[in-house]
Amino acid sequence: HLIDIRDAAESYSAADFRNDALRLIAEIQHRGNIPILVGGTMLYFKALLEGISPLPEANAEIRAQLEREAQSRGWAALHDELARVDAIAAQRIHPNDPQRINRALEVYRITGRSLTELTADKGEPFPFPAHQFAIAPAERSVLHQRIALRFEQMLAAGFEQEVQALRLRTDLHVDLPSIRCVGYRQMWQYLDGECSYTEMT
């Protein structure tokens, strides 16, 4: 479930995931089965289990405006602006994280309220019983080795060719959330000549 459900040009938020996951969990339980969630990005598990704040949907016009401002003024200037309207979010969001800076300022410009203020309300809690399990190697070096091996397997399976095909599309660029994902971003930069193969891997 929830694999290859969106095009790379489309956005997919933690709220989208929560809605989809809750629907699928209910459907799976209705069929008499036990849903097992495996992954990945803890932000999404956190949103699913703890609820998600009632934030406004993305506004393409405001996002584009913020991107234009970033190009002319720089993301550091926008991070300074965020610090003025939401100091707590600015402390949490790194100045080199354009995606989260953009979202925090977008929320403020849409609602007139800070992201910190709005996220204080988590909304509806998870409506099902859940058991959580984590498998973690005792040595962090083992985890790093497994991550490196996984990336090597992705390369062997044609990951470079996949990103090359994405780069040929005129509607995709390096600032999209899908392209900024770990792995895709590094491969894109390598194909753009911004880093060596060794640095990319």
| request: Report yes if the side chains of D175 and N102 come closer than 4.5 Å at any heavy-atom pair, otherwise no. | output: no
| remark: Interatomic distance, CH2@W75 vs CD1@I101, rounded to 0.5 Å, equals 6.5 Å
| said: Could you see if L191 belongs to whatever hydrophobic cluster contains Y197? Use Ile, Leu, Val, Met, Phe, Trp, Tyr and a side-chain cutoff under 4.5 Å. | reply: yes
| Would you say M187 and F159 make side-chain contact, with heavy atoms under 4.5 Å? | yes
| request: Give the cluster check for L48 versus I36: same hydrophobic cluster or not, with ILVMFWY residues linked at side-chain heavy-atom distances below 4.5 Å. | output: no
| Salt-bridge contact R113-D86 (side-chain N to carboxylate O under 4.0 Å) | no
| message | So E124 and I52, do their side chains get closer than 4.5 Å, heavy atoms only? | response | no
| field | Side-chain heavy-atom pair Y108, L115 within 4.5 angstrom cut-off | value | no
| query | Can you tell me if E10 uses its side chain to pair, donor with acceptor, with the backbone of D7 under 3.5 Å? | reply | yes
| said: With a 4.5 Å cut-off on side-chain heavy atoms, are W188 and L172 touching? | reply: yes
| message | Enumerate the salt bridge (charged side-chain N to carboxylate O under 4.0 Å, His left out) contacts for residues 192-201, please, sequence neighbours excluded, ordered by first and then second residue. | response | R167-D192
| request: Could you grab the distance from atom CD of Q65 to atom CZ of R68, nearest 0.5 Å is fine? | output: 6.0 Å
| query | Do E106 and R103 meet the salt-bridge criterion of a basic N to acidic O distance under 4.0 Å? | reply | yes
| Which atom pair, heavy atoms only, marks the closest approach of A8 to L176? | O-CD1, 4.3 Å
| said: Contact between P35 and L24 at the side-chain level, heavy atoms closer than 4.5 Å - yes or no? | reply: no
| note | Residues T116 and A89: closest non-hydrogen pair is OG1-N, 3.5 Å
| message | Take a 6.0 Å sphere around CG of L168 and say whether it holds more than 12 heavy atoms from other residues, nucleotides or ligands. | response | yes
| field | N-O pairing of R63 and E67 below 4.0 Å | value | no
| Hydrophobic cluster membership, L166 vs M200, 4.5 Å side-chain cutoff | yes
| note | Closest heavy-atom pair, L22 versus P127, reported as atoms and distance to 0.1 Å, is CD2-CD, 3.7 Å
| Donor-acceptor pair, R100 side chain versus I93 backbone, under 3.5 Å? | no
| request: Using modelled atom types only, decide if a donor and an acceptor are shared between the side chain of Q186 and the backbone of G183 within a distance under 3.5 Å. | output: yes
| How far apart are the closest heavy atoms of L49 and A130, and which atoms are they? | CD2-CB, 4.2 Å
| query | Ignoring hydrogens and geometry, is there a side-chain-to-backbone donor-acceptor pair from R6 to S11 under 3.5 Å? | reply | yes
| request: For the residue pair Y44 and Y12, categorise the inter-ring angle as parallel (less than 30°), tilted (30 to 60°) or perpendicular (more than 60°). | output: parallel
| query | Does I5 belong to the same Ile/Leu/Val/Met/Phe/Trp/Tyr cluster as F17, with side-chain heavy atoms less than 4.5 Å apart forming each link? | reply | yes
| Taking atom CD of E57 and atom CG of D16, what is their separation to the nearest 0.5 Å? | 8.0 Å
| said: Is it true that, when you exclude Q132 itself, more than 12 heavy atoms of the residues, nucleotides or ligands shown sit nearer than 6.0 Å to its CD? | reply: no
| At what distance, to the nearest 0.5 angstrom, does OG of S114 lie from CG of L105? | 11.5 Å
| query | F133 vs H131 aromatic rings, parallel, tilted or perpendicular, using cut-offs 30° and 60°? | reply | tilted
| request: Show your reasoning for whether side chain to side chain contact (heavy atoms under 4.5 Å, CB included) applies to T111 and E117. | output: CA-CA 11 Å; T111 66; E117 180 183 356; over 6 Å; no
| Side-chain heavy-atom pair H79, D97 within 4.5 angstrom cut-off | no
| remark: So CG of L55 and CG of L118: to nearest 0.5 Å the spacing works out to 6.0 Å
| task | List the atom of F45, the atom of L37, and the distance in Å for their closest heavy-atom pair. | result | CE2-CB, 3.6 Å
| Hey, is CD1 on I147 packed in by over 12 heavy atoms from elsewhere, all under 6.0 Å? | yes
| Do the non-hydrogen side-chain atoms of F126 and I25 ever get within less than 4.5 Å of each other? | yes
| query | Are E69 and R109 close enough for a salt bridge, meaning some N to O gap below 4.0 Å? | reply | yes
| query | Nearest heavy-atom pair of A47 and A14: which atoms, and what distance? | reply | CB-CB, 4.0 Å
| said: Using the rule that Ile, Leu, Val, Met, Phe, Trp and Tyr join whenever any side-chain heavy atoms are under 4.5 Å apart, tell me whether L143 and L149 fall into a single cluster. | reply: no
| request: Would you confirm whether R185, through its side chain, and I179, through its main-chain N or O, come within 3.5 Å as a donor-acceptor pair? | output: no
| said: Check this for me: R140, atom CZ, are more than 12 non-hydrogen atoms of other residues, nucleotides or ligands nearer than 6.0 Å? | reply: no
| said: Measuring from atom CG of L155 to atom CZ of R150, what distance do you get when rounded to the nearest 0.5 angstrom? | reply: 10.5 Å
